Amino acid sequence: MRVSKLVARTLREDPKDAPLRSHNLLLRGGYILQVSTGIYTLMPLAKRITTKIERIIREEMNRIDGQEITMPVVMPRELWEEAGRYEGVGPEMLRFRDRNGNDMLLGMTHEEPVVQAARAHITSYRQLPVMMYQIQTKFRDEARSRGGLIRVREFTMKDAYSFHTTSEDMVEYYNRCHAAYARIFRRAGLKNFIDVESDTGMMGGGMSHEFMFLTDVGEDTLFICDKCHYRANREVARFAFGAASADAERPLEKVATPGHKTIEEVSTFLGVTAADTAKAVLYVHNKTNLVFVLIRGDFEVNETKLAKILGKGELRAAQDDEIRALGAVPGYASPVGLDVSRFTLLIDETILRSKNLVTGANEEGFHVKNFNAGRDLKGGKTVEIATPREGDACCECGAPLRVSRGIEIGNIFQLGTKYSAPMRCEFLDADGKSRPMIMGCYGIGVGRLLASVIEEHNDDYGPIWPMSIAPYEVHVCVLDPVKGGVGEVAARLVGELEAAGVEVLVDDRNEKAGVQFADADLFGVPLRLILSPRNLAQGMVEFKLRGQKGSEMWPVDEVPARLSEVIAREKASYLD
RNA sequence: CGGGGCGUAGCGCAGCCUGGUAGCGCGUUCGGUUCGGGACCGAAAGGCCGGAGGUUCAAACCCUCUCGCCCCGACCA
């Protein structure tokens, strides 16, 4: 390919609105073009990279017996009603009508059609297990897309679905897929990633893991134990509680706290710590059910955990009038003295471990001291819905947890029969009995992976693509092509390399060296050859690795052989 | 959905407060001189000032409404 014909305009000036390194470089190098919020065109360089990433994904999926299919982007409402998800999924699913007035939707994930396919084609245990996957466009109408390709609305995703006769078989396959994912990311050149336990979210089902690329610009918060390697997304992270307080329970005592409502105000006013208080957090679940959460003042409620406990439905913070309707007073609320049958009372484990806490008196301007849940509350359900904090003890080994940020580049779920049962995707077992298939599902965001690779591999001048996914293998700069026959030598050399199967990007423009080098840096091709009258007069060509300072001089006629050697070496370093 | 900000030439921006025939840098085109880290000189092309309505003799500029985009948060994976 010639740079003069490459559809990729590089930018000298910093694009605005692109604080993320990957976003910035993708724009400056002409890799992507925004069409709308969270919707991008991938220009030729980016397309070549994603094609290579997809090739790696295909190889690894095929290696674990995957079969590639393509499912539709547009689906009818009826299909999604079969598993009960049409109503369950929120506005992130784009819905519309076709010309006949049928309710349609844009696929954001493909459990329904893949289950339909399995149901239609698989009837016997003899045919199982099976895995089908696709690499295809998804649309999620994100409330807020951001960061270039990191978080978009339309994106290409590899999604895979496996079907099994037993949970054991599914779990075994889940582990194979787990290993395949690690290979995919390593082959794509990514090093700094881990897997974490995660929430299953709208997918539902049992255990799930997310593969996270660790970076400060990540939008997920992860808790990591460096001692036992427990690691989990904030949404599911657990931690070990300290020993229960052995203090003697003192009698309840009402104290005046005029104008002091927040935990910080109350604890400061009374001269205690936030950990000596019990915080009331009120929610409304499914529009009518009031949920009263009591948690120690120094912790925050993890709403993902809360939603899981409450089950399906909408969850929002309660309004003041709804709180008053229970007889509680906003800012001075607690379950003490309230009719517990009128709401759902959830008591976090942190409360039960503590004694003599300060909590609301349900009276304007008053709190009570020496609240002890075991003594002062009747009813209520004990739960663990506190979000861990940095330094809290690991739930497995007790060592302090470390916090890190990450970008989710892949996830794997143990779905079980969440979709196969309602959709009657069944097989006949050896006893002739009909049973729902046990499923797993596995996703990788291709664009996110690309963006993550840049985040990991770049310098001030541009991306430094790993050879395994680089848009081209070698970038040939031809300085002063009209002088000293440089252009002719370049053409001959490029022809020779291309004939040998090398992917060459050649800068055939009559541009100054600085311009060519700057663009070459933005294109990030890992190997570079520089042809100039100066070098060629000595019969030499300069060879350079992108991102490294030094360079070597190679005799012209040795270039093809030496280059293929380097390419082979580079490629091998990304093989798993 | 809440908070903040921005829409003026392909890109980055000034002009708006204080209304009076639209400007700068980069890029692009043509001619010339240069030629190893974003050269220089000269000429030129390119804008319904996001859209609609209003105020005014006159609106990029003032007012109202709308659409789009960015950042932070909420939400989601």
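Per chain, numbering begins at 1; letters A, B, ... match sequence-line order. Below, each value reflects all heavy atoms present in this structure, side chains not excepted, and no hydrogens, waters or symmetry copies. Only a predicted model underlies this, so the values are computations on that prediction, with no experimental measurement involved.
Donor-acceptor pairing under 3.5 Å is recorded for the side chains of Glu542(A) and Ser551(A). Between the side chains of Asp159(A) and Gln134(A), at least one donor-acceptor pair of N or O atoms lies under 3.5 Å. Side chain to side chain, Thr221(A) and Arg405(A) meet the donor-acceptor criterion of an N or O pair below 3.5 Å.
Residue contacts for Lys512(A): at a heavy-atom cut-off of 4.0 Å it reaches a base atom on one of the strands shown. Here Arg9(A) lies in heavy-atom contact (under 4.0 Å) with sugar-phosphate atoms only. Contact annotation for Glu303(A): backbone-only contact, meaning every heavy-atom pair under 4.0 Å involves sugar-phosphate atoms and none involves a base. Backbone-only contact: Gly147(A) has heavy atoms under 4.0 Å from sugar-phosphate atoms and none from a base.
If you check distances only, the side chain of Asp519(A) does reach the base of G38(B) with a donor-acceptor pair under 3.5 Å. Between the side chain of Asn535(A) and the base of G36(B) there is at least one donor-acceptor pair of N/O atoms closer than 3.5 Å. The base of C11(B) does not come close enough to the side chain of Arg28(A) for any donor and acceptor atom to sit less than 3.5 Å apart. The base of G36(B) lies close enough to the side chain of Glu542(A) for a donor and an acceptor atom to sit less than 3.5 Å apart.
In terms of phosphate contacts, Gln34(A) brings a side-chain nitrogen or oxygen within less than 4.0 Å of OP1 or OP2 of C70(B). Phosphate contact (OP1/OP2 of G27(B), side-chain N/O of Arg12(A), threshold under 4.0 Å): present. Here Ser36(A) reaches the OP1 or OP2 of C69(B): one of its side-chain N or O atoms lies under 4.0 Å away. For the OP1/OP2 pair of C69(B) and a distance below 4.0 Å, the side-chain nitrogens and oxygens of Thr37(A) include at least one atom meeting the criterion.
Between Phe211(A) and Phe185(A), the two ring planes are tilted [angle within 30° to 60°].
Nearest to the side-chain atoms of Glu13(A) among the listed nucleotides G36(B), C72(B), C11(B) stands C11(B). Out of A77(B), G37(B), A74(B), the shortest distance to the side chain of Ala143(A) is found at A74(B).
Of the residues in residues 38-45 of chain A, not one comes within less than 4.0 Å of RNA chain B through any heavy atom.
Heavy-atom contacts from other residues, nucleotides or ligands closer than 6.0 Å to CZ of Arg234(A) number 12 or fewer.
Residue pairs meeting the ring-ring contact (aromatic ring centres under 6.0 Å, His included) criterion with at least one partner in residues 537-557 of chain A, sequence neighbours excluded, are Phe543(A)-Trp554(A).
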Subject >> Criterion salt bridge (Lys or Arg N to Asp or Glu O under 4.0 Å) on Glu87(A) and Arg77(A), from CA distance to verdict >> reply: CA-CA 10 Å; Glu87(A) 301 297 338; Arg77(A) 169 181 184 159; 3.4 Å; yes

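Counting to the nearest Å, the C1' atom of C76(B) and the CG atom of Asn302(A) are 14 Å from each other.
Judged by closest nucleotide on RNA chain B, His23(A) is the one of Glu219(A) and His23(A) placed further toward the 5' end. Residue Thr10(A) is the one, among Thr10(A) and Ala18(A), whose nearest nucleotide of RNA chain B lies closer to the 5' end (criterion: closest heavy atom).
To the nearest whole angstrom, the two P atoms, one in C26(B) and one in G38(B), are 15 Å apart.
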